[in-house]
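Quick caveat, the model's predicted, so the values are computed rather than measured. Just the heavy atoms: all of them, side chains too, but no hydrogens, waters or symmetry mates, feed the values below.
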Amino acid sequence: MSDAIPTTATVRSERSSTASKTYMAFLAIGILLLAIAPMFFYPIFLMKLLCFALFACAFNLLLGYTGLLSFGHATFFGGAAYFTAHVVKEWGFPPEIGILVGAAGAAGLGLIMGFFAIRRQGIYFAMITLALSQMFFFFCLQAKFTHGEDGIQSVPRGHLFGFIDLADTSNMYYFVLAVFLIGMVIIWRFINSPFGMILKSIRENEQRAISLGYSVARYKLGAFVMSAALAGLAGGTKALVFQFATLTDVGWQMSGEVILMTLLGGIGTLIGPVFGAGLVVTLQNYLATSQFPVTIITGVVFMVCVLLFRRGIIGEFYASRLGRKLGFEHRR
């Protein structure tokens, strides 16, 4: 008896199974490498990388999976840093509660900003987010609790759950790693849920989603708030790592950096922004003491990636022959 010809559904199922196994293998290796990384690299550098990686992934949730380009995500990152720093230092909140307060505050800001921004599309949406972000920047400059240009300094890390001393760098690193992994799990679950599927359909063809009866505005607002909350989770954690919150965290340059990280890694890929953030943070860290301007080198790297890696580093890998063989599919 001759072998049956495999159907398209069978081939897709096999590719999906291969991709799942590959993802799990990469995930296990990645977590193992992150767990032992402090043995080989400076822990503060690693914690900064993890915070910005989560920030970039949160931004990618909005751009890569919903198709909304925000120029104001520094509001949520920096706003959460201020909220967390203030409640931990002035009100004596424990670090875990401080970070949750920061994320909740960022979600509230996202709800307000998103309510106005989602009424427009394309460049108009981007410009509204930029304008509202600048308004928040000047609010932080004038508000008393932010201490203006001095920022909130000497923020105590405190004790996690009342008994784990985060002043110890090792304890702080693994706490940041746990926050990063929790954030990534939330993002993965969000984009693979029915809600996430609808967001992708809105990204691909908004008019068709409307014709199917979906309330597009509500879904966009939900994605905006979720992205803001996760960006706030990263910002609040960063405030504890460096023990301060300043205007740099809410400046428009920070919004530009997260866009750069996402583009370099790969829009619409789960781990692409992590690699993009790692590349940018590494360049900033190791070239900070050089006489050559870091921004010029970053710009050159960006130009090379745009010319040679149109989908981003991870996006191009997914589209390569090896990526297709492993079962990966690049999602625009």
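- Between V101 and F93, the closest side-chain pair of non-hydrogen atoms falls below 4.5 Å.
- Side-chain contact check for I259 versus H73: every heavy-atom pair is 4.5 Å or farther apart.
- For L279 against L264, the heavy-atom pair with the smallest separation is CD2-CD1, 4.1 Å.
- If you take CG on N60 and OG1 on T66, they are separated by 9.5 Å, rounding to the nearest 0.5 Å.
- A donor-acceptor pair is defined here as one N or O able to donate and one able to accept, closer than 3.5 Å; such a pair exists between the side chain of Y65 and the backbone of G268.
- A donor-acceptor distance shorter than 3.5 angstrom exists from the side chain of S227 to the backbone of A58, with no hydrogens or angles considered.
- Looking at K220 and Q121, their side chains come closer than 4.5 Å, going by heavy atoms from C-beta outward.
- Proximity of a side-chain donor or acceptor of R157 to a complementary backbone N or O of P95 within less than 3.5 Å is not detected.
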Steps toward side chain to side chain contact (heavy atoms under 4.5 Å, CB included) verdict (I152, E90): CA-CA 10 Å; I152 303 176; E90 303 297 336; 5.6 Å; no

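- Under a hydrophobic-cluster definition in which Ile, Leu, Val, Met, Phe, Trp and Tyr are linked whenever side-chain heavy atoms come within less than 4.5 Å, directly or via other members, F161 and V241 are assigned to the same cluster.
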Worked verdict on T237 versus L50 for side chain to side chain contact (heavy atoms under 4.5 Å, CB included): CA-CA 10 Å; T237 306; L50 290 175; over 6 Å; no

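- Environment of CZ in F145: crowded, with over 12 heavy atoms of neighbouring residues, nucleotides or ligands closer than 6.0 Å.
- Across all non-hydrogen atoms, the minimal contact from V176 to C51 is CG1-SG, 4.2 Å.
- The hydrophobic clustering, which links ILVMFWY residues whose side-chain heavy atoms are closer than 4.5 Å, places M39 and F45 together.
- Pairing each heavy atom of G251 with each of A74, the nearest pair is O-CB, 3.3 Å.
- In this structure, L100 CG and L233 CG are separated by 8.0 Å, a value rounded to the nearest 0.5 Å.
- Cluster membership check: M127 shares its hydrophobic cluster with W252, using side-chain heavy-atom separations under 4.5 Å among Ile, Leu, Val, Met, Phe, Trp and Tyr.
- A donor-acceptor contact shorter than 3.5 Å is absent between the side chain of S154 and the backbone of Q243.
- To the nearest 0.5 Å, atoms CG (L132) and CZ (F137) are separated by 15.5 Å.
- Within 6.0 Å of CE in M135 there are 12 or fewer heavy atoms belonging to other residues, nucleotides or ligands.
- Note: the hydrophobic cluster containing Y124 also contains V216 (ILVMFWY, side chain heavy atoms under 4.5 Å, direct or indirect links).
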Steps toward ring pair (Phe, Tyr, Trp, His ring centres under 6.0 Å) verdict (F224, F76): CA-CA 11 Å; F224 200 97; F76 316 125; 5.7 Å; yes

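- Remark: Y42 OH is loosely packed, at most 12 non-hydrogen atoms of other residues, nucleotides or ligands lying under 6.0 Å away.
- A continuous path of hydrophobic side-chain contacts links M172 to I44 [ILVMFWY only; heavy atoms under 4.5 Å].
- In plain terms, the two heavy atoms of L46 and P38 that are nearest each other are CD1-N, 3.7 Å.
- Counting only heavy atoms from C-beta outward, the side chains of F244 and K238 approach each other to under 4.5 Å.
- One distance of note links CZ of F59 with OG1 of T262; it measures 5.0 Å at 0.5 Å rounding.
- Put simply, the side chain of Y174 gets close to the backbone of A35: a donor and an acceptor are under 3.5 Å apart.
- Nearest heavy-atom pair across I186 and M226 is CG2-SD, 4.3 Å.
- Between F139 and V250 the shortest side-chain heavy-atom distance does not fall below 4.5 Å.
- For R120 and F116, the positive end is not near the middle of the six-membered ring at less than 6.0 Å and at most 45° from its axis.
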Worked verdict on F190 versus F195 for side chain to side chain contact (heavy atoms under 4.5 Å, CB included): CA-CA 7 Å; F190 188 80; F195 192 97; 3.4 Å; yes

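- For the pair G114 and L221, the tightest heavy-atom approach, listed with the atom from each and the gap, is C-CD1, 3.6 Å.
- In this structure, CD1 in I128 is found 10.5 Å from CD1 in I123, a value given to the nearest 0.5 Å.
- With S211 contributing its side chain and R208 its backbone, the two residues share a donor-acceptor pair below 3.5 Å.
- The number of heavy-atom neighbours closer than 6.0 Å to CD of Q253, taken from other residues, nucleotides and ligands shown, is above 12.
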Trace of the side chain to side chain contact (heavy atoms under 4.5 Å, CB included) decision for F180 with L34: CA-CA 11 Å; F180 169 76; L34 288 173; 4.2 Å; yes

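- In this structure, N192 contributes its side chain and W188 its backbone to a donor-acceptor pair below 3.5 Å.
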Check against ring pair (Phe, Tyr, Trp, His ring centres under 6.0 Å), F52 and F77: CA-CA 10 Å; F52 278 95; F77 183 78; 5.4 Å; yes

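- Between M184 and C57, some side-chain heavy-atom pair lies under the 4.5 Å cut-off.
- In this structure, the separation between OH on Y219 and CG on L199 is 8.5 Å, given to the nearest 0.5 Å.
- At least one side-chain heavy atom of L141 sits under 4.5 Å from a side-chain heavy atom of L247.
- Counting only heavy atoms from C-beta outward, the side chains of F136 and I112 never approach each other to under 4.5 Å.
- In terms of modelled atom types and a separation under 3.5 Å, the side chain of T129 and the main chain of A126 share a donor-acceptor contact.
- In this structure a side-chain-to-backbone donor-acceptor pair under 3.5 Å is missing from N171 to I164.
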